[in-house]
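Worksheet for the structure shown next.
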Amino acid sequence: MIILGIESSCDETAAALVRDGYEVLAGKIATQIKLHAGYGGVIPELAAREHLKNITPVVDVVFQQAGLGIEAVDAVAVTNRPGLIPALLVGNAYAKGLALSRKVPILGVNHFEAHIYGAFLKRPELLQNAAAFPVLALVVSGGHTALVLIQASGQADMLGMTLDDAAGEALDKAAKILGLGYPGGPVIDRMAKSGKDRAYDFPRGLMGSSGRATSPEHRFDFSFSGVKTALFYAVRNRHLNDAELADVVASYQRAVMEVLVSKTMLAAREKRVGLVCLCGGVACNSYLRRRMQEEASRERLELLLASPDCCTDNALMVAGLAWHYLRHGLKDGLDLPVSARLPEPLGRFPFAPEF
Ligand code: KG4
Ligand code: ZN
């Protein structure tokens, strides 16, 4: 079964063709980074206008890449939640038109769940192994920072999430403060390599100085607004040379990533998980990947790092996940709505082995 996936929830217009959940036939992303760079963040209406321009060419490219025509498609999947409403509307209206004209099912995909599925796209065998569950997923992107526990039945529970900024947002806003451009994550990742990460002692959100979570109630939650404010005051009215700037960036990155690593390990120990999975745009970060690997091997935990092309927004994860919806009969109708918010509770994820 071949599914056409469409993603337009934020600032990437993406399409993909995926067979039976895992076999990638084609994928294309048109990014709008340059358009939003001057604003230091995504402007929803501009994003929607750009999606409208890009969506047809992007879909055309995936059919060309795969050497297939539209008649090969068995269903159309589209991210319908959560995301920027104007941006989502473009992808959803397009997907509905296509599904209607081809008389194939339409499937609305949860973007947050798709980020988690993206980690498994190239490792399908892990999803057949009930012994690997419960799985702990750290979803860390520009919009989300959350720890999710997934049982073999698919039952997914939010253990904790950010109380304010997402980790990616904290990197993007730091880059804006430092005049490094948008998005901040990749630049910070690069610059931090030449800086001293102990030069500044930035605060760790919801963590004590001992490295333990401050309050039991918020032990799996995150907060990144404090570290961002601390950075603002640390550099205010100062002219930093390149070496000093690299030290600030490296120390800031370390403060953000250390919290992610230690809270993930805390949750993994407490919940006795079989596998930890790291996904979302910030999962591309080389420092986070290395630290996660070091800690996971110390804790003797199996670690799944999403491959970088499946970390940031893409349509492979949308088309792949939708196959699991379809095989379990979870179709939508042409009245499919869009939503800005993440559905709570998360419910059950259909890609789990005992769903
Ligand atoms: O998953 P994604 O493409 O979009 C959302 O769903 O939010 O994630 C985008 C986020 C941005 O905040 C960006 O700065 C961050 O991922 N990011 C990175 C890296 N590459 C992208 N953060 C740290 N290091 C990177 N290498
Ligand atoms: Zn995303």
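Atoms within a ligand are numbered from 1 in the order they appear, just like the ligands themselves.
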What do we get for [X] next to ligand 1 when only non-hydrogen atoms under 4.0 Å count, side chain, backbone, both or neither?
| X | result |
| --- | --- |
| His144 | neither |
| His115 | side chain |
| Cys311 | backbone |
| Thr312 | both |

Is the closest side-chain heavy-atom distance between [X] and [Y] below 4.5 Å?
| X | Y | answer |
| --- | --- | --- |
| Val273 | Val135 | no |
| Asp309 | Asn314 | no |
| Glu50 | Thr13 | no |
| Cys279 | Met317 | no |
| Phe220 | Leu149 | no |
| Glu295 | Thr264 | no |

*Is there a donor-acceptor contact under 3.5 Å from the side chain of Lys28 to the main chain of Val59?*
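Checking the backbone N and O of Val59 against the side chain of Lys28, no donor-acceptor pair under 3.5 Å is found.
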_Using only atom types and a distance under 3.5 Å, with no angle test, would you say the side chain of Glu302 pairs donor to acceptor with the backbone of Leu304?_
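Looks like no, no N/O pair under 3.5 Å.
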*Should Arg123 and Glu125 count as an ion pair when the cut-off is N to O under 4.0 Å?*
yes
*Would you call Glu294 and Arg298 a salt bridge, using N to O less than 4.0 angstrom?*
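A salt bridge is absent here (no side-chain N lies under 4.0 Å from a carboxylate O).
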Going by the atom numbers of ligand 1, which of them fall below 4.0 Å from some non-hydrogen atom of [X]?
| X | result |
| --- | --- |
| Gly143 | 7 (O) |
| Leu171 | 22 (N), 23 (C) |
| His111 | 6 (O) |
| Pro183 | 14 (O) |

*Do you reckon Val338 sits in the same ILVMFWY cluster as Leu107, going by side-chain contacts under 4.5 Å, direct or chained?*
no
_side-chain contact (heavy atoms from CB on, under 4.5 Å), that's the test. Do Gln253 and Asp197 meet it? Break it down for me._
CA-CA 8 Å; Gln253 174 179 265; Asp197 65 9; over 6 Å; no
*Min heavy-atom dist Arg190 to ligand 1 below 4.0 Å*: no
So which heavy atom in the protein is nearest [atom], and how far is it from that ligand atom?
| atom | result |
| --- | --- |
| atom 22 (N) of ligand 1 | Gly185 CA, 3.2 Å |
| atom 17 (N) of ligand 1 | Gly281 O, 3.5 Å |
| atom 9 (C) of ligand 1 | Gly142 N, 3.8 Å |
| atom 24 (N) of ligand 1 | Asn285 ND2, 3.1 Å |
| atom 26 (N) of ligand 1 | Asp189 OD2, 2.9 Å |

_2.8 Å cut-off (strict), protein N, O or S atoms about the Zn ion (ligand 2)_ = 3
_Nearest option to atom 20 (N) of ligand 1, as decided by whichever heavy atom of Ser141, Ser9, Gly168, Pro186 sits closest_ =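 Among Ser141, Ser9, Gly168, Pro186, the closest heavy atom to atom 20 (N) of ligand 1 comes from Pro186.
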*Shortest heavy-atom approach to atom 14 (O) of ligand 1 - which of Asp172, Asn314, Asp313, Val256*: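 Ranked by closest heavy atom to atom 14 (O) of ligand 1, first place is Asp172.
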*Taking only residues two or more places apart in sequence or in another chain, which ones pass ring pair (Phe, Tyr, Trp, His ring centres under 6.0 Å) with Phe355?*
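For Phe355, the residues satisfying ring pair (Phe, Tyr, Trp, His ring centres under 6.0 Å) (neighbours in sequence not counted) are His328.
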*Take Glu354 and Ser153 through the side-chain hydrogen bond (donor to acceptor under 3.5 Å, both in side chains) test and state the conclusion after the steps.*
CA-CA 4 Å; Glu354 293 172 358; Ser153 67; over 6 Å; no
